[in-house]
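Quick notes on the structure that follows.
Chain A is the first sequence line, chain B the second, and so forth, proteins listed ahead of strands; every chain is numbered from 1.
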There are 2 protein chains.
Amino acid sequence: MERNIPLQDISKGKIFEKYEAKFKAIADQKRLQIMNIFTEKGEMCVCDLAPLMDMSQSKLSYHLKILLDANIITKRTEGTWSYYNLNQAEINHLLSEELCCLFRPTSC
Amino acid sequence: MERNIPLQDISKGKIFEKYEAKFKAIADQKRLQIMNIFTEKGEMCVCDLAPLMDMSQSKLSYHLKILLDANIITKRTEGTWSYYNLNQAEINHLLSEELCCLFRPTSC
DNA sequence: GGAAATAATCAATTTTATTTGATTTAAAAA
DNA sequence: TTTTTAAATCAAATAAAATTGATTATTTCC
C-alpha cells in the first residue's frame, strides 16, 4: 500500500504539508487560548503570560515554540525577556472572517 | 499547577474545545488531500476515493470518520455505498478566502 | 440461498505529541 | 562577583493518534 504517488501530489504535496503544520499548531485548546490572550492584551513576555495560562514555565515554552515554528506568533527578545505576540497577517491568511471575534483585535 | 480555572475559561473554554476538534481534523496532509479531492470532483463513494488516495480501506474509513465527526464532510448512504462530500458551509465558516483555491470549487 | 462487493469496526501495534521535573544559558541586580 | 530572574532545552514518562490486518454487517447480484 501507498507505493505510488499520484500525479496530483507532486504539485500539492508541499502545500498540504505546510497547512498540516499550521493547523496542527492551532489544533489545541491551550494554544488557542494563548492566541486569544495575545489578541486581547497584545505583546507579552512569558513571565506575564504564565500566570494567565496557569501553566508551568517549561510547558508554556513548549507550546509557544510550536506556535512560533508555525509562524502563528512572533518573538522579540529584550535582555532576559522574550516578548511574544500574534502574527496577525498569518491569522488573516489562515482563518475566516467569522473567527475574527477570537483572533482579530479590531472588530467585535 | 493547573489548579485554578481563570474566569475567562468558563465562557471561552467550550469555544476553544470546539475549534480544537475542527482544526485537529484538518491538521493532516492526507485529510487535506481528501478534502481537496471532494472540492475538485464533488461527492464520491469510498470505493472511488480509495484508489485516488492510494490508501487501504480501513485507513481511509478512519480518516473519513474523523472529518465526519468534525462536521468537515457529509455522508449519504445508498445501498452498500457511502457517498461523502465536503461540508462547504463549515469550510467557509472556518477558513479564509485565501484558502479558496484549495477548498472552494467556484473561484481559482 | 450463496457468493461477491462495500464499508465500518476492532484489537494490537507503532508512531507522534504532551507533560514533568531538572538542568542550562544568559542577562540583570545586588 | 555572586545571586536572582527569565526562558529554553533535555531526557524520561505518559498520553493520544495513526496504522495494520482481520473480522463483521449489510447489500447486491447470480
OP1 or OP2 of [N] less than 4.0 angstrom from a side-chain nitrogen or oxygen of [X], does that happen here?
X: A:Arg31; N: C:dT18; result: yes
X: A:Lys24; N: C:dA17; result: yes
X: A:Tyr84; N: D:dA6; result: no
X: A:His63; N: C:dT19; result: yes
X: A:Lys75; N: D:dA8; result: yes
X: B:Lys59; N: D:dT20; result: yes

Counting only side-chain heavy atoms from C-beta out, which of [options] sits nearest to [X]?
X: A:Ser61; options: C:dA7, D:dA8, C:dT18; answer: D:dA8
X: B:Val46; options: D:dA8, D:dA6, C:dA7; answer: C:dA7
X: B:Tyr62; options: C:dT18, D:dA18, C:dA8; answer: D:dA18

Every protein N/O lying under 3.5 Å from an N/O of nucleotides 21-30 of chain C:
from	atom 1	to	atom 2	distance (Å)
C:dG21	O6	A:Ser58	OG	3.4

With sequence neighbours left out, what residues match [X] under side chain to side chain contact (heavy atoms under 4.5 Å, CB included)?
X: B:Ile66; value: B:Ala25, B:Arg31, B:Tyr62
X: B:Thr80; value: none
X: B:Thr39; value: B:Leu86, B:Phe103, B:Pro105
X: A:Ser61; value: A:Gln57

Over how many whole Å does the gap from [X] atom [atom1] to [N] atom [atom2] extend?
X: A:Asp48; N: D:dA6; atom1: CG; atom2: P; result: 9 Å
X: A:Lys65; N: C:dA17; atom1: NZ; atom2: P; result: 13 Å
X: A:Lys30; N: C:dT19; atom1: NZ; atom2: C1'; result: 12 Å
X: B:Asp69; N: D:dA17; atom1: CG; atom2: P; result: 12 Å
X: A:Tyr83; N: D:dA7; atom1: OH; atom2: P; result: 8 Å
X: B:Leu67; N: D:dA18; atom1: CG; atom2: P; result: 10 Å
X: A:Leu68; N: D:dT9; atom1: CG; atom2: P; result: 10 Å
X: A:Ile26; N: C:dA17; atom1: CD1; atom2: P; result: 16 Å

Does this structure show an ion pair linking B:Glu43 with B:Lys75, if we count only N-O contacts that are shorter than 4.0 Å?
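Not counted as a salt bridge, because no side-chain N and carboxylate O are separated by less than 4.0 Å.
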Would you classify A:Leu60 as touching base, sugar-phosphate or nothing, given that sugar-phosphate means primed atoms plus P, OP1 and OP2, and contacts are heavy atoms under 4.0 Å?
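Touches nothing.
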Pick base, sugar-phosphate or nothing for A:Leu64, based on heavy-atom distances below 4.0 Å to the nucleic acid.
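Nothing, no heavy atom under 4.0 Å.
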Starting at CG of A:Asn71, measure out to CD1 of A:Ile91 and round the result to the nearest 0.5 Å.
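The CD1 atom of A:Ile91 is 9.5 Å from CG of A:Asn71, to the nearest 0.5 Å.
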Quick check for you: to the nearest 0.5 Å, what is the distance between B:Ile34 atom CD1 and B:Leu52 atom CG?
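Reported to 0.5 Å precision, the distance equals 10.5 Å.
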Only counting residues at least two apart or in another chain, list the ones meeting side chain to side chain donor-acceptor pair (under 3.5 Å) with B:Lys65.
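B:Lys65: side chain to side chain donor-acceptor pair (under 3.5 Å) contacts with B:Asp69.
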Taking side chain to side chain donor-acceptor pair (under 3.5 Å) as the test, write out the residues that go with B:Asp28, two or more places apart.
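Residues passing side chain to side chain donor-acceptor pair (under 3.5 Å) with B:Asp28: none at all.
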With axes from five pairs an end, tell me the bend angle of the helix from C:dG1-D:dC30 to C:dA30-D:dT1, nearest 10°.
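The end-segment axes of the helix from C:dG1-D:dC30 to C:dA30-D:dT1 are tilted 10° relative to each other.
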Salt bridge (Lys or Arg N to Asp or Glu O under 4.0 Å): which pairs involve residues 78-96 of chain B, sequence neighbours left out?
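Listed by first then second residue: B:Lys22-B:Glu90, B:Arg76-B:Glu78.
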